[in-house]
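Notes for the one structure printed next.
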Amino acid sequence: MKLLIPIVSLLVALCSKSIAQNSDTFAKECASRQVKGEFTVRGDDPAWFFMSRELNQVALGKFWEKDWASIATNKSDPTPHIVKFNDLLKAKGVKLVMVPIPAKAAIYPDKLASKFTVKDVLPLKGYYDELRQQGVDVLDIEPILRDHRAKTGGEGKDKLFCEQDAHFAPLTTEIIAARVKKIIEKEEWYKNQPKEAFKRSAKGTLTIKGDQVKSGGFTPVPKDEVLTLSYAGRDVGGKIEAVPADKDSPVLLVGDSHT
């Protein structure tokens, strides 16, 4: 059985009443922060920027319990299509694992609005449970990222999302890869699959101007962002080179720009 792993930008559900009440307040906050026609919303922490359409999704709360025709861009519920895709792959001997990416505001709500914490954000577990009940395997990384931030603070070298870019930071890539590896190792075909050892470079830094600030017009002007990262691949004369895609690989990784 081969493995198909789509990494997608969805959001995150839980059920406690206190969380629900606080999350309603945070959802309203996200709705109030949006400016019509604006791509980017600057947070209370002026170094942090958020996608307006991502805040719109958080503002919907339990979107899976609402009328999809009134909230979805294409006016339809994606769930039957996800389930059908999963069933078609299963019939061909392919295992599908969905890895939804939480919203930046779900992990860093305090950077958007300083009076909130991660406990005030409604996770999307409820929607993922609906998918699981219909046979779809979902790897929910939101609680994993929350736990990491609780332990490390999620700043500096432990940053999980870019401050001024729509995407997660390099560390989150490593966290997701480690979790996916645990899934792959349990597959029957893995034991006999040829292995190759790769090396990881020392930690370094990368300076970027994120996609959410390139349009300019912000006061104060944000400084370029510094990310901590390492590279993994083949050691070629002391230099780490990326491993090229292999059409015979038993794992296919597909996704949006987070991939």
Side-chain angles (χ1 to χ4, degrees), residues 8-80 82 98-134 136 138-151 153-155 160-163 166-168 172 212 256 258:
V8 295
S9 293
L10 284 175
L11 289 187
V12 223
L14 214 74
C15 18
S16 137
K17 288 186 178 178
S18 61
I19 291 179
Q21 290 169 353
N22 291 338
S23 66
D24 286 345
T25 305
F26 182 64
K28 290 176 182 177
E29 182 74 27
C30 288
S32 71
R33 293 287 177 127
Q34 298 171 68
V35 178
K36 190 174 182 179
E38 291 294 329
F39 173 71
T40 301
V41 174
R42 194 170 201 166
D44 284 356
D45 184 328
W48 286 76
F49 296 80
F50 299 81
M51 288 181 66
S52 181
R53 62 185 181 185
E54 188 178 80
L55 296 182
N56 179 60
Q57 188 176 357
V58 180
L60 291 173
K62 293 184 178 181
F63 58 83
W64 59 96
E65 295 181 357
K66 299 181 178 180
D67 177 17
W68 286 94
S70 64
I71 64 170
T73 303
N74 64 357
K75 311 299 182 185
S76 65
D77 180 357
T79 310
I82 295 172
M98 283 189 63
V99 188
I101 305 304
K104 185 195 295 189
I107 307 301
Y108 289 93
D110 51 309
K111 301 298 184 181
L112 174 70
S114 57
K115 63 183 178 181
F116 293 101
T117 72
V118 291
K119 294 180 180 179
D120 299 318
V121 183
L122 186 74
L124 299 189
K125 182 179 178 297
Y127 181 57
Y128 302 156
D129 284 345
E130 283 190 13
L131 290 173
R132 291 178 180 123
Q133 288 169 9
Q134 298 185 66
V136 181
V138 182
L139 171 58
D140 184 2
I141 65 166
E142 187 265 351
I144 299 168
L145 298 184
R146 279 191 176 196
D147 183 60
H148 176 88
R149 191 177 178 207
K151 291 178 178 176
E155 307 272 356
L160 295 165
F161 275 83
C162 297
E163 297 169 6
H167 302 91
F168 49 61
T172 298
Q212 294 184 293
D256 60 10
H258 284 87

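- A side-chain donor-acceptor contact under 3.5 Å links R146 to the backbone of V118.
- A 4.5 Å side-chain heavy-atom check between V58 and F26 finds at least one atom pair inside the cut-off.
- Proximity of a side-chain donor or acceptor of E54 to a complementary backbone N or O of K104 within less than 3.5 Å is detected.
- The distance from atom CG of D147 to atom CD1 of I141, rounded to the nearest 0.5 Å, is 13.0 Å.
- Applying the side-chain hydrogen bond (donor to acceptor under 3.5 Å, both in side chains) test to E65 and every residue at least two apart in sequence or in another chain returns nothing.
- Listed by chain and residue number, nothing satisfies the side-chain hydrogen bond (donor to acceptor under 3.5 Å, both in side chains) test with S32 (two or more places apart in sequence, or in another chain).
- Scored by the side-chain contact (heavy atoms from CB on, under 4.5 Å) test, A27 finds no partners at all (sequence neighbours excluded).
- Residues forming a ring pair (Phe, Tyr, Trp, His ring centres under 6.0 Å) with F50 (at least two apart in sequence, or on another chain): none.
- Between P102 and P100 the shortest heavy-atom distance is CD-O, 3.6 Å.
- No side-chain heavy atom of C162 sits less than 4.5 Å from a side-chain heavy atom of F49.
- Taking the side chain as every heavy atom from C-beta outward, E163 and Y108 never approach each other to under 4.5 Å.
- Residues D44 and K111 form no side-chain contact, since every pair of their non-hydrogen atoms from C-beta on lies 4.5 Å or further apart.
- Looking at V121 and E142, their side chains never come closer than 4.5 Å, going by heavy atoms from C-beta outward.
- Judged by distance alone, with hydrogens and angles left aside, the side-chain atoms of R33 form no donor-acceptor pair with the main-chain N or O of V41 at under 3.5 Å.
- In this structure the side chain of S114 never reaches within 4.5 angstrom of the side chain of D45, judged on heavy atoms.
- In this structure, the separation between CH2 on W68 and CG on N74 is 9.0 Å, given to the nearest 0.5 Å.
- With sequence neighbours excluded, the residues satisfying side-chain contact (heavy atoms from CB on, under 4.5 Å) with T172 are L145, L160, F168, I176.
- In this structure T117 satisfies the side-chain contact (heavy atoms from CB on, under 4.5 Å) test together with K119, D120, sequence neighbours excluded.
- Considering OG1 of T25 and CZ of F116, their distance stands at 6.0 Å, rounded to 0.5 Å.
- Salt bridge absent: D24 and K28 never bring a charged side-chain N and a carboxylate O closer than 4.0 Å.
- Listed for the T40 side chain is a donor-acceptor partner under 3.5 Å among the backbone atoms of Q212.
- How far CG of D140 is from CE of M98: 11.0 Å, rounded to the nearest 0.5 Å.
- Listed for the R149 side chain is a donor-acceptor partner under 3.5 Å among the backbone atoms of G153.
- Separation of atoms CD1 (I101) and CD1 (I107) is listed at 10.0 Å; rounding is to 0.5 Å.
- Nearest heavy atoms, L122 versus G61: CD2-C, 4.3 Å.
- Rounding to the nearest 0.5 Å places CE of M51 at 8.0 Å from NE2 of H167.
- Taking a 6.0 Å sphere around CZ of R53, one finds it holds 12 or fewer heavy atoms contributed by other residues, nucleotides or ligands.
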